[in-house]
Structures are given as C-alpha cells and as structure tokens.
Amino acid sequence: MFRNQYDTDVTTWSPAGRLHQVEYAMEAVKQGSAVVGLRSKTHVVLATVNKASSELSSFQRKIFKIDDHIGIAMAGLTADGRILSRYMRLECINHNFVYESPLPVGRLVLQVADKAQVCTQRSWKRPYGVGLLVAGVDQTGPHLYQNCPSGNYFEYIAFAIGSRSQAAKTYLERKYETFSESSREGLIRHALFAVKESLQDEELTTSNCSVAVVGVDESFTILDARNLKLFIDGLDESASVPAEDKQADEDESKDQGLGTSDGSGSDVVPMETS
C-alpha cells in the first residue's frame, strides 16, 4: 500500500517539501542492526551487531575492508552496501594507481555521497537503503564519517546507527570526552560497551558482534574471534569490579553511621536519566 500519492517515485515532492522515498530508505537504515563507531587521536574503532536470518543460518558480515587505511560498517540492506563497498575499493585502487598515494578519507566519503545523491534525482533509480560508518586514517589523522541514503555525510567523534542505536548513542554521549585520549584497547572496550547497550537483554558474544580497528600505525584490521573474546571477557570482569567496590563502600558507610540526613544510614544516589 502506498503511503500517499507523493511517494510513487523518488523525484516527486510532497506539498510539505518532503521526498518520501528518501525517507523510506533512511527508515531501512533504522531497521538494520546496530553499528557503532568512535575515534581517538590515533585510532578509529567500528563495532557491529551481527544478525542471523534464522537459527540455521550464519551471521551476516557487516564490516568490510576498503583499503589498508579505510574500512566501513553498514546498517540496512547489506546488498546495497556491498555495491557501495566495491565502488569504494575501485576508487581507492584508481587513486593509488594514478597518484601513487592513498586516497584521502574525506574525498572518498564525498564521492560516495555524490553517488547516493544522484539516486534521489533520477525517477528510474531508487536510493541506496544502507547507511555507512566510514573509518579511516590519512595525513590529517583519524576520521569517522557517516554516509546517509539522502546523499548527506557527517564527521563524528562517535556515532551509532541502526535499530536500538539510541541506547548506544546515550552511552557514547556520556563518555565521548574521554575518547580522544583513549588507547587502542580502551577505545575497543568503549565500542563493546556501546554495542552491549544496544543488545539490551541479549548476551554479547563473539558470534553476534564484530570489531575492526584502524590507526595511525596500524592498517585496517578485523579482530578475530580469539582476540575479540579476550576483550568481551574483560568487559565482564570490569563490570563486576565496580559492583563489588560499591558494595564495600556501602558496608563501610553503614559501619561508620554515614548516610542521608534522615539518619537511615543508606547511601542514596539519584537516578541518572537519559
């Protein structure tokens, strides 16, 4: 069923000044599984939630290497994402062949945005139903970009796209000030914490998540299952330590008679809302 008479093709404007087909493509990105990206002064990390179409199938791959210094993670229609990743690889190869130097990250993102924008002005085409987080390093340092189906692109310190990504965004907004000085390992832990927030009741395992990192002195690398498991196990340990410390502090406060003004001896902490 059509939403209205103005969404039959991508070149028809509605009276409200909207292109409904473009909005539908952006909605496809929101329906995809969550993707998280964040950067420091030396590294950029991508993390994704991998979804399987059924219990009998394998998880879909959502992180792709473009060049030694660039990689992408996608949310939405992965078939559209594979087409764009192939285009990006060809552009990197051509630039390297002609100029004998790596393609700057911002220039590649601009070319992908121009390619996506053309699909919003041709009645015989449809917008790409995929959103990209592009991580890369060039002469100006690490970069993290988002590409939209509308043809827009933005640079971020940290960002998340896909379904249930708001929980990951809330975590990133709370911690982003520490990202610039974070180490490689610290940045990966932050990415996994953000992905874990978007999973809600699901357990974070090596099967349902993927992590990739690129740095000033490190080419784009997708972590294998063994190394990823070490980081996930470290998350569980670090999550248990603060809980134990908090309980010890509460016991000490009770022993000393410290507490709120009502003399109850309980340490009341205001609930943090997001």
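A quick note: this is a predicted structure, and the numbers were derived from the prediction, not measured.
Taking all atoms of both residues into account, the shortest heavy-atom contact from A73 to L46 is N-CD1, 3.8 Å. Here the closest non-hydrogen pair linking Y153 and Y145 is CD1-CD2, 4.2 Å. The shortest non-hydrogen separation linking P142 to S40 is CG-O, 3.7 Å. A pairwise comparison of heavy atoms in Q146 and I161 identifies NE2-CG2, 3.8 Å as the closest pair. Heavy-atom minimum distance, V49 versus S198: CG2-OG, 3.8 Å. Closest heavy-atom contact between A75 and V35: CB-CG2, 4.0 Å.
Not a single donor-acceptor pair under 3.5 Å links the side chain of T78 to the backbone N or O of M74. Using modelled atom types, one side-chain atom of N94 and one backbone atom of L90 make a donor-acceptor pair closer than 3.5 Å. Between the Q60 side chain and the K51 main chain, no donor and acceptor come within less than 3.5 Å of each other. Distance alone, capped at 3.5 Å, places no donor-acceptor pair between the K196 side chain and the L235 backbone. Listed for the H95 side chain is a donor-acceptor partner under 3.5 Å among the backbone atoms of S101.
Atom CG of L172 and atom NE2 of H190 lie 9.5 Å apart (nearest 0.5 Å). Rounded to the nearest 0.5 Å, atoms OG (S85) and NZ (K65) are 13.5 Å apart. From R89, atom CZ reaches atom CG of L108 across 12.0 Å, with rounding to the nearest 0.5 Å. In this structure, CD1 on I63 lies 11.5 Å from OG1 on T221, to the nearest 0.5 angstrom. I83 contributes atom CD1, which lies 4.5 Å from atom CZ of R86 (distance to the nearest 0.5 angstrom). Of the inter-residue distances, the one linking S165 atom OG with K30 atom NZ reads 9.0 Å to the nearest 0.5 angstrom.
Counting heavy atoms from C-beta outward, W13 and L19 have side chains that approach closer than 4.5 Å. In this structure the side chain of L133 never reaches within 4.5 angstrom of the side chain of T48, judged on heavy atoms. For the pair V112/L132, a side-chain contact is recorded, criterion being any heavy-atom separation below 4.5 Å from C-beta on. Annotation: side chain of Y128 is in contact with side chain of K115 (closest heavy-atom distance under 4.5 Å).
Atom CD of Q111 has more than 12 neighbouring heavy atoms from other residues, nucleotides or ligands inside a 6.0 Å radius. Shown here is F179, whose CZ atom has more than 12 heavy atoms of other residues, nucleotides or ligands within 6.0 Å. Atom OH of Y87 sits in a crowded spot, with more than 12 heavy atoms from other residues, nucleotides or ligands closer than 6.0 Å.
Under the 4.5 Å side-chain contact rule for hydrophobic residues, L187 and V213 share a cluster.
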Side chain to side chain contact (heavy atoms under 4.5 Å, CB included) between L192 and C209, worked out: CA-CA 9 Å; L192 289 173; C209 77; 4.2 Å; yes
List the steps, then state whether side chain to side chain contact (heavy atoms under 4.5 Å, CB included) holds for M88 with V134. CA-CA 11 Å; M88 296 170 76; V134 183; 4.2 Å; yes
Under the criterion side chain to side chain contact (heavy atoms under 4.5 Å, CB included), I'd like the reasoning laid out for Y24 against D7: C-alpha separation, chi angles, the key distance, then a yes or no. CA-CA 9 Å; Y24 296 162; D7 67 354; 2.6 Å; yes
Working for side chain to side chain contact (heavy atoms under 4.5 Å, CB included), residues S180 and I157: CA-CA 8 Å; S180 62; I157 298 174; over 6 Å; no
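Side-chain polar atoms of N50 and S210 form a donor-acceptor pair below 3.5 angstrom.
Of the listed residues (H69, R107, H143), just one forms a side-chain hydrogen bond (donor to acceptor under 3.5 Å, both in side chains) with D138, and that residue is H143. Considering L223, V36, I188, L144 as possible partners of V45, the one that fulfils the side-chain contact (heavy atoms from CB on, under 4.5 Å) test is I188.
The residues R126 and D80 are annotated as salt-bridged, a charged nitrogen and a carboxylate oxygen being separated by less than 4.0 angstrom. One finds no salt bridge joining R174 and E197 here, because no Lys/Arg side-chain nitrogen approaches an Asp/Glu carboxylate oxygen to under 4.0 Å.
Between Y156 and F159, the ring-plane angle classifies as parallel under the 30° and 60° cut-offs.
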